[in-house]
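Below: one structure, written as C-alpha cells.
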There are 2 protein chains.
Amino acid sequence: MITIKDVARVAEVSTSTVSRVVRKQGKVGKACRAKVQKVIDELGYRPNINAQALVSKKSNSLGIVIPKVSMPFFGTLACGAEEATKENNYRVLISNADESEQTELDAIDSLIQHRCEAIVFHSVYNNDDTLCELAEKIPGLVFINRFIPKIAHRCVWLDNNLGAQEATRHLISKGHTDIAVITRENINTDAQVRLDGVRTALTNAGIKLIDSMVESASTADMEGGREAVRNLLKKGMKYTAVLAFNDNMAIGVIHELNAQGIRVPEDVSVIGFDDLLIAVACLPELSTMHYPIREMANYAAKLAIELSENSSSSVRTHLFMPHLVERDSVSEAAVIEARAS
Amino acid sequence: MITIKDVARVAEVSTSTVSRVVRKQGKVGKACRAKVQKVIDELGYRPNINAQALVSKKSNSLGIVIPKVSMPFFGTLACGAEEATKENNYRVLISNADESEQTELDAIDSLIQHRCEAIVFHSVYNNDDTLCELAEKIPGLVFINRFIPKIAHRCVWLDNNLGAQEATRHLISKGHTDIAVITRENINTDAQVRLDGVRTALTNAGIKLIDSMVESASTADMEGGREAVRNLLKKGMKYTAVLAFNDNMAIGVIHELNAQGIRVPEDVSVIGFDDLLIAVACLPELSTMHYPIREMANYAAKLAIELSENSSSSVRTHLFMPHLVERDSVSEAAVIEARAS
DNA sequence: CTGTTAGCGCATTCAA
DNA sequence: TTGAATGCGCTAACAG
C-alpha cells in the first residue's frame, strides 16, 4: 500500500506538501500542486483513514446501532441516516444488535473503539437509566424511536399516541364501533403508548374498549397477527375492524381472516402501522399509518453530528408525526350481524 | 478519551503490558494482569481501533458495496455477510452505491482508504474488465451475484439459468403451456440468463416461446410488473401462467391481474424469483424460486476474508442453486378458452 | 514475565 | 509557499 512518503519522494516534495494537496487546504504553489496531484494519480495513492483519524483525533464517522439491517424498517432507517452523512463526508458504521441488553452495549462499545463521534442508537433492550449514563459519556449519541424525558433533546421519536388515535378515528369515521386491537406481549413502550392512543380516541367517540377485544400476540410479526386472530375467534369475539400494532401483524391478520373465509375489507377492515413496503405488496393493499423513519433517521444523524461537534445542549424537541395512508384494507363497516350469522 | 498510557501510568506498568492484557496474548503475570484489568475497567479504557489498525497494518474490517441497504434483498445480503464476520471478529462497513459506475468505484475507494482487507462487491454498473482490474489490485475482493470467467474463483453467484428452468418446469408440470414471461428492459445479465433458462425448459418440453409472450418492463419493480400485464392485455395475449423476473414484478402482476378481475391462481398462475419477505405478505402467497442470498453473502464474506489472508488463488468455484418454494400463486392450468371467453 | 525502543501514516506546529 | 520536527495511540521486536 503506497503511503504519503512514497508520493513525497517521487514528487520530490515534503510529506507536508502532499498532505496539503490531498486535503485541499493550506497554501500550495500551483505548479507544485499539479506535480503532486499527478504523482498521486499515477501511484494511485489513497490516504490511510486510520492514520488520519489517529492524528487528527476525528474519525468523521457515524455509527448506527439497530436490531438488524435485514429488517426493512431498519434498513430504511440505516439508509436515511446514511443519506444525512453525504454532505458531511462522514463514514457510516452499522452494528446489528438484536439479542440482548449486552449485545447492544457491545455494539456501542465497538463504535466507541472506532472513535465514532456521532451515534444513532435504536435501543430495544436497555432501560432509560443505562441510556442516560451512556448519553453523558458520549456527546454525539442520539436515540431514535425512544423518548427519555431526562435527555429529551437527544431523542428523535414518533408520536405513537396521536398516530394510534388517528388510525382509530379513521376506523370510527368509517362507521366501525366493534374494533379489535392486536398488540404484542411484553408490551414495550411503543405498544403501550399506542394502546393508550386507541383508548383515548375510542373514549372520545363514546365507544368503550372491552378488554377481551384487545389481543396480545407473542411475536410482533405475521404469525403473531394470525395467532391473535385465532384467539379472537376462540373467544367468539365479533368485530368489523382490526387495528394492528404494526404492518407485519396486520398482514398476518389479513391472511388468517382470509383463511377463515372472512373477506378484507368487505367483512372486516384492517389497519396497520409503519407503512413498510409489504403494506403495498399485500392484496388488498394495506391502509396504515406512515412512519417517517427515513426522515427521522436522517434528522437523527444530523443531530448526532451536530451534537458531537458542538455539544450545546439545545433545548429543541424532536418529535415526528405519522400520517394516515389510505389504501384498500379499510372500508365502511359491514353490519356485524350479517357477518356473524 | 483515555489512552493506553493513562492505564499504564495508573497501573504502574508499561504500555506494552497493558497492550498484552488488552489483546489477551503474550505472557503476563497473573497478579499483574488482574491489576491492569482493574484499572482498565475503572477508567473505562477502550483501545483505539484506528491506532491498532495503523500499527498492526490490519484493519480487520470487511467492506460491503451494495446498491442500497433499504432494499430487503440487499439488507439480507448485508446481514449474511455480517454474520460471517462474527467468528473472525471483523468489523463491517456498508457502502451504498446505486447510482452509477462512478459511485460504485467511489465506494470501493472509500473502503480502500479504510484499509478494509476484505470486500464483498455487488456491482451493477461496472463491466467485467473494470472489475477484473480491481480484483487484481485487491486480493480480498469478492464479487457476489456476478460471474466473471477470468476470475471465477472470486465470484459467488447463482445459477439463474437452472433456476429459471426449474420455475418453468414447475409451471409446465401444472399443465401450463401458455406461459407469459415478464422480464426487464435493458436486459442485464441475470435477466438474459433467466430468459435463456425459460427457453431451454420450454423447448425441452416441446413448447415454443412466442416472442410476443415475452414482455419487458422499464423497471423491475411492482409497477413494472403491472405495466407488463397491461401491455400483454393490449396485445391481446392469452396465457394461463406468468413467470416474472423477480418477486416485486410478480406481485405487481398479481395486483394488476386482480385489478382486471382475473383471479390468481384460479385463472392465471404466477411465479416469482428471489423469495423476499414480500412473497409471503402477498395474498395469495407467492410461489417463487428461493434465492439463498443470506447464505451466499455469508459464504462470500468468508471467502473474501480468506483470500485477504492467504491469497492462494484457489480454483474452487462458488455456484449456488435456487430452489422452488411452492406457495399459493400457482395451480393447475385452467382451460384457456374458459378464461378468454 | 516485563520494560524500552522504534516506528505505523499522517497532520500540524514552527521555521525558513 | 515549503520543509523539518513532533507526536497521535498503539504494537512489535528486542532486551533484560
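Naming convention: chains lettered A, B, ... in sequence-line order (proteins, then strands); numbering from 1 in each chain.
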> Which nucleotide span of DNA chain D, 5' end to 3' end, has atoms closer than 4.0 Å to non-hydrogen atoms of chain A?
Replying inline: D:dT1 to D:dG9
>> What does the B/S/- profile of nucleotides 9-16 of chain C look like, 5' to 3', with a 4.0 Å heavy-atom cutoff to protein?
In response: BBBB----
>> Here's a test for you: under side chain to side chain donor-acceptor pair (under 3.5 Å), which of B:Glu295, B:Arg294, B:Lys302 qualifies with B:Asn298?
In response: B:Lys302
>> Let me check the geometry of the helix from C:dC1-D:dG16 to C:dA16-D:dT1. What is the bend angle between the axes at its two ends, five pairs each, to 10°?
In response: 30°
> Do A:Thr85 and A:Arg91 have a side chain donor and acceptor closer than 3.5 Å?
Replying inline: no
>> Parallel, tilted or perpendicular, judged at 30° and 60°: which one describes the rings of B:Tyr299 and B:Phe320?
In response: perpendicular
>> Please give me the minimum heavy-atom distance between B:Glu117 and B:Ser59, naming the atom from each residue.
In response: OE2-OG, 2.8 Å
> Do the rings of A:Phe121 and A:Phe143 sit parallel, tilted or perpendicular, given the 30° and 60° boundaries?
Replying inline: tilted
> Would you say the side chains of B:Ser19 and B:Arg23 form a donor-acceptor pair under 3.5 Å?
Replying inline: yes
>> Under the criterion side chain to side chain contact (heavy atoms under 4.5 Å, CB included), I'd like the reasoning laid out for B:Ile64 against B:Leu77: C-alpha separation, chi angles, the key distance, then a yes or no.
In response: CA-CA 9 Å; B:Ile64 306 176; B:Leu77 191 165; 4.2 Å; yes
>> Quick check for you: to the nearest 0.5 Å, what is the distance between B:Asp190 atom CG and B:Phe147 atom CZ?
In response: 13.0 Å
> So, B:Asn48 versus B:Gln52: side-chain donor-acceptor pair below 3.5 Å or not?
Replying inline: no
>> Does the plane of the ring in A:Tyr291 sit parallel, tilted or perpendicular to the ring in A:Phe73? Use 30° and 60° as the thresholds.
In response: perpendicular
